Amino acid sequence: MNVLHIIPSIDPLDGGPSSAVVGLAQAQHRAGLGVTVITGARPGTDLRLIDRLRAGGVGVTTLKDPGGLFNCPTPMREALRTRIAEADIAHIHALWEPLLHYAAREARRQDRPYLVRPCGMLTDWSMSQKKWKKRLYYRARLARILSGAAALHYTAERERELSQARALGCRGVVAPNGIDTASFADLPSRGGFRGRHPQLDGARILLFVGRMHPVKGLDLLITAFARARPANTALVLVGSGEAAYVDRLKRLATKSGMSSHILFTGMLHSEEKLQAYIDADLFVLPSHHENFGLVVVESLACGTPVLLSDQVAICREIESAGVGHVVSLGDPKDLRDAIVHSANAAPADDGLRSRCRGFVAGRFSWDTIANDWCQTYQEITGSAVTIMR
């Protein structure tokens with residue numbers, strides 16, 4: 001079976017959706033599917049993930065931005081026509097970009113089934129951002145894209161619930177994002193991250209990793225940390241974002257009087273990021289909206305428990321597994337109190353860390369998820385799939 005993934009960008013700076021497509025495509029290739037990706041490539045796009053896909057045997061077609069909502073250049077049109085004709089099923093990731101509209105239209109023209117992964121963009125919170133533009137686009141194009149889909153792909157049950165009002169009755173498939181569990185099998189020893197940052201010596205570490213964006217609730221986190229004023233505790237913020245926003249966060253840290261206890265590291269990759277997860281006592285993600293939260297799974301894979309807002313879609317699974325705590329963003333004191341509690345609690349023992357890792361191994365392995373997708377694709381297309389074990 002041949003699967004075509006279509007996503008507007010797989011630049012690492014675009015966050016979780018890009019990483020998820022790469023992981024899923026590689027795992028599906030290992031499972032024996034023919035896998036191709038069509039993606040946009042803006043000037044200055046970081047090509048590392050594209051190169052990784054190609055090196056792993058996944059075909060990638062890159063297209064220039066069409067330059068407008070109603071413009072489908074000939075190269076884009078021809079690439080979509082050719083790749084969709086070669087595919088048994090198309091898997092569309094995200095909603096708003098023109099590439100996705102033209103891909104769905106071409107799939108309908110060729111009578112090819114397609115799925116749509118909304119990436120959390122059908123929830124009330126997401127639809128409230130630039131709401132008039134989104135309402136107009138929903139009526140003009142998106143409703144037809146959704147109504148023509150064989151299924152909508154949600155990464156958590158909570159996302160499906162929050163998206164139902166705009167899903168037009170389309171079938172929903174819940175399949176999480178995952179990680180390459182082999183990358184977390186042989187973890188670095190603890191202490192490497194602390195060793196590079198002497199100010200962390202002996203302190204408990206509250207860690208955030210991810211894109212620095214207002215949706216992540218980092219202003220709430222810094223404010224709650226300052227109000228909690230936990231003794232012998234540091235807040236470490238790993239990631240990058242628009243310079244003006246990062247500067248605003250740094251000014252907030254200074255104004256709070258806790259800047260000496262708040263560390264901005266910038267982006268970390270590979271071994272350095274793993275070391276940050278491992279040395280942390282608690283991973284914190286107070287997002288206003290998060291349709292999955294891959295960094296949460298990565299932290300747990302390193303044995304570090306998590307503290308999430310109730311707007312992170314996998315919060316229920318985390319709480320029920322006993323590997324984290326969930327706070328309400330509706331109560332400003334909730335996050336502060338949770339930080340105070342974590343600072344006073346005993347450090348995570350080997351039993352808790354082992355439970356965190358086991359939770360991930362049982363549910364979030366890309367290879368397991370890819371095999372499940374083989375069965376889902378088979379149900380939709382009626383074509384048999386041979387899974388490579």
Side-chain angles (χ1 to χ4, degrees), residues 2-29 33 35-42 45-46 49-50 52-53 58-63 65-66 76 79-80 83-84 87-108 112-123 126-127 134 137-138 141-142 144-146 148-156 159-160 163 166-167 170-179 211 289-294 313 366 369-370 372-373 376-377 380:
N2 294 319
V3 179
L4 175 64
H5 291 282
I6 304 155
I7 186 170
S9 169
I10 48 176
D11 189 318
L13 293 178
D14 290 323
S18 299
S19 299
V21 166
V22 172
L24 179 58
Q26 290 178 317
Q28 289 178 339
H29 175 72
L33 299 179
V35 185
T36 304
V37 176
I38 285 184
T39 184
R42 303 179 299 267
T45 293
D46 186 331
L49 294 181
I50 292 175
R52 187 189 305 174
L53 281 172
V58 176
V60 182
T61 298
T62 58
L63 299 172
D65 189 303
M76 176 183 286
L80 288 171
R83 295 292 175 254
I84 288 173
D88 296 294
I89 191 166
H91 202 143
I92 295 172
H93 304 262
L95 297 179
W96 305 114
E97 288 75 8
L99 170 62
L100 311 177
H101 161 72
Y102 293 116
R105 188 176 71 176
E106 183 62 28
R108 291 194 301 270
R112 289 290 192 277
Y114 65 90
L115 302 96
V116 176
R117 177 166 68 113
C119 299
M121 297 176 188
L122 290 177
T123 64
S126 181
M127 292 294 290
K134 289 183 177 180
Y137 191 84
Y138 182 90
R141 283 184 169 175
L142 188 54
R144 189 171 185 189
I145 294 174
L146 300 177
L152 301 187
H153 167 199
Y154 305 111
T155 55
E159 184 195 357
R160 172 158 60 178
S163 303
R166 299 178 182 89
C170 187
R171 171 191 176 188
V173 173
V174 178
N177 293 332
I179 61 169
R211 183 168 57 108
H289 168 75
E290 196 84 39
N291 79 295
F292 185 69
L294 185 60
W366 269 131
I369 293 166
D372 291 342
W373 272 114
T376 300
Y377 292 154
I380 291 172

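Quantities reported herein were computed from a predicted structural model and do not represent experimental measurements.
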Ignoring hydrogens and angles, tell me if any N or O in the side chain of [X] forms a donor-acceptor pair with the backbone of [Y] under 3.5 Å.
| X | Y | result |
| --- | --- | --- |
| Thr123 | Gly120 | yes |
| Ser9 | Ser18 | no |
| Asn177 | Ala20 | no |
| Lys134 | Leu122 | no |
| Arg117 | His91 | no |
| Tyr114 | Ile145 | yes |

Does any part of the side chain of [Y], heavy atoms only, come nearer than 4.5 Å to the side chain of [X], both counted from C-beta?
| X | Y | result |
| --- | --- | --- |
| Ile10 | Ile50 | yes |
| Leu115 | Ile380 | yes |
| Val60 | Thr39 | yes |
| Thr61 | Val37 | no |
| Val3 | Gln28 | yes |
| Ile89 | Asn2 | no |
| Glu106 | Arg112 | no |
| Val58 | Thr36 | no |

Quick one: side chain to side chain donor-acceptor pair (under 3.5 Å) partners of Glu159, sequence neighbours excluded?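 Once residues adjacent in sequence are excluded, the partners of Glu159 under the side chain to side chain donor-acceptor pair (under 3.5 Å) criterion are Thr155.
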Identify, with sequence neighbours excluded, every residue that meets salt bridge (charged side-chain N to carboxylate O under 4.0 Å, His left out) alongside Arg108. none
Looking at every non-hydrogen atom in both residues, tell me the closest pair between [X] and [Y] and how far apart they are.
| X | Y | result |
| --- | --- | --- |
| Gly178 | Ile369 | CA-CD1, 3.7 Å |
| Val173 | Ala151 | CG2-CB, 3.8 Å |
| Tyr137 | Leu95 | CE2-O, 4.0 Å |
| Gln26 | Arg52 | NE2-CG, 3.3 Å |
| Ala25 | Leu53 | CB-CD2, 3.9 Å |
| Tyr138 | Arg166 | OH-O, 2.9 Å |

From Cys170 atom SG to Leu146 atom CG, the distance as rounded to the nearest 0.5 Å: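 Going from SG on Cys170 over to CG on Leu146, the span is 7.0 Å.
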Point-to-point distance, once rounded to the nearest 0.5 Å, from CD of Glu97 to CD1 of Ile6: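 Here the interatomic distance stands at 12.5 Å.
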Is the ring centre of Trp96 less than 6.0 Å from the ring centre of His101?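 Not close enough - the centres of the two rings lie 6.0 Å or further apart.
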For a side chain to side chain contact (heavy atoms under 4.5 Å, CB included) with Tyr377, tell me which candidate from Asp372, Asp88, Leu33 qualifies. Leu33
Using 30° and 60° as the class boundaries, would you call the ring planes of His93 and His5 parallel, tilted or perpendicular?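 Answer is tilted, since the angle falls between 30° and 60°.
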